[in-house]
Amino acid sequence: MKLGFVSAILDGWTFEEMMDTAQEMGFQCVEVACWPCGKAERRYAGVSHINVDELNVDYIKEYTAKCGVEISSLAFYPNTMDADLEKRQHNIEHLYKVIDASHKLGVNMVTTFIGRDSSKCVEENLELVAQIWPPILDYAKERGVKIAIENCPMLFDRTQWPGGQNLMTTPVIWKKVFDILPYDNLGINYDPSHFIWQMIDYIQPLYEFKDKIFHVHCKDIKLDVEKMKRCGIMAYPLEYMHPKLPGLGDVDWGKYISALTDIGYDSFTCIEVEDRAFESSKEKVLDSLKLSKKYMEQFVI
């Protein structure tokens, strides 16, 4: 496996500064944030280390080669099934641009969400999946690009209530989506932390969906059990859980990486930092990457 990080944590860094940081720290890869340039709508979104509207393919390839750091994927995590049709169309249009850029750069991987109309039930959203996603996947397939869907529910506070903004959150729903969309280039960007607070086994699905795991995240979640006893699992999740650096939460990383080796996964493993304890300064942000790398190198060399 190759150890890297999701570049969104380096908001404000240029592409060159971000790649130089990865090189200096000894990372092998980066998952590069490719949001539309402009104001972020939420935390960790809006970061654009590669502007797909002004893509300089030769320069990016040359700089990446000089650093000796691979691009694992181009990352854009929108809601392609937003109830607001204007937002939906804007997100889909940009996703097509990211797919094009991934193809032109020879990365051939895009990490994203499948989206969700949060006002509709699962069954209604599955109908939307069947309408919206075949053209996107056909477009990606023609260009040799894989689409890896992260399993984050995007359901954390009142702004995303009641259904969240990403449908592919559980193994049961994964199976239904893969039945609807039997595409070889559609898979999973697997993040164990999201299963922790959903009370889902985060090990067994690795075996069940081993052929669909295209990309892997390393992020941790710490449950506040005493708070959960008072507010219950139906409360806003951020009332009883906290994203943490790998090793500072409840994921058993030894078991997780062991399962990945069992299934023969030997691709990209990217640390995703969303730990508020490391956001107060540039130095803290850099510390978060250093600490995460040091911890994960127990398991990934």
Side-chain donor/acceptor of Ser7 to backbone N/O of Ala33, under 3.5 Å: yes
Okay, side chain of Gln28, backbone of Leu3: is any donor-acceptor separation there less than 3.5 Å? yes
Hey, could you give me the CE/CD1 distance between Met241 and Ile233, rounded to the nearest 0.5 Å? 13.0 Å
In sequence, state the C-alpha distance, the side-chain angles, and the governing distance for Leu137 and Ile147, and then conclude on side-chain contact (heavy atoms from CB on, under 4.5 Å). CA-CA 8 Å; Leu137 291 168; Ile147 305 294; 3.9 Å; yes
Is there a donor-acceptor contact under 3.5 Å from the side chain of Asn166 to the main chain of Cys152? yes
May I ask you to decide if the ring planes of His215 and His217 are parallel, tilted or perpendicular, using 30° and 60° as cut-offs? perpendicular
Ring-plane angle category for Phe27 and Phe5, please: parallel below 30°, perpendicular beyond 60°, tilted otherwise. perpendicular
State whether the side chain of Thr80 and the backbone N or O of Ile114 hold a donor-acceptor pair below 3.5 Å, judged by distance alone. yes
Donor-acceptor pair, side chain of Asp117 and main chain of Asn125, under 3.5 angstrom: no
In short, Leu248 meets Asp220 closest at the heavy-atom pair N-OD2, 3.6 Å
Ignoring hydrogens and geometry, is there a side-chain-to-backbone donor-acceptor pair from Glu62 to Tyr59 under 3.5 Å? no
Both conditions, 6.0 Å and 45 degrees, for the charged tip of Lys66 above the ring of Tyr63: are they met here? yes
So does Phe76 get a backbone contact from the side chain of Thr112, meaning a donor-acceptor N/O pair under 3.5 Å? yes
Would you say the side-chain atoms of Glu93 and Gln89 include a donor-acceptor pair closer than 3.5 Å? yes
Over 60° means perpendicular and under 30° means parallel, so classify the ring planes of Tyr202 and Tyr256, tilted if in between. tilted
Any heavy-atom pair between the side chains of Asn189 and Phe214 that's under 4.5 Å? no
Report the C-alpha distance between Ile50 and Ile71 in whole Å, list the side-chain angles of each, state the deciding distance to 0.1 Å, and finish with yes or no for side-chain contact (heavy atoms from CB on, under 4.5 Å). CA-CA 11 Å; Ile50 291 179; Ile71 297 176; 4.1 Å; yes
Fit a plane to each ring of His194 and Phe156, take the angle between them on a 0 to 90° scale, and name the class: parallel (under 30°), tilted (30 to 60°) or perpendicular (over 60°). tilted
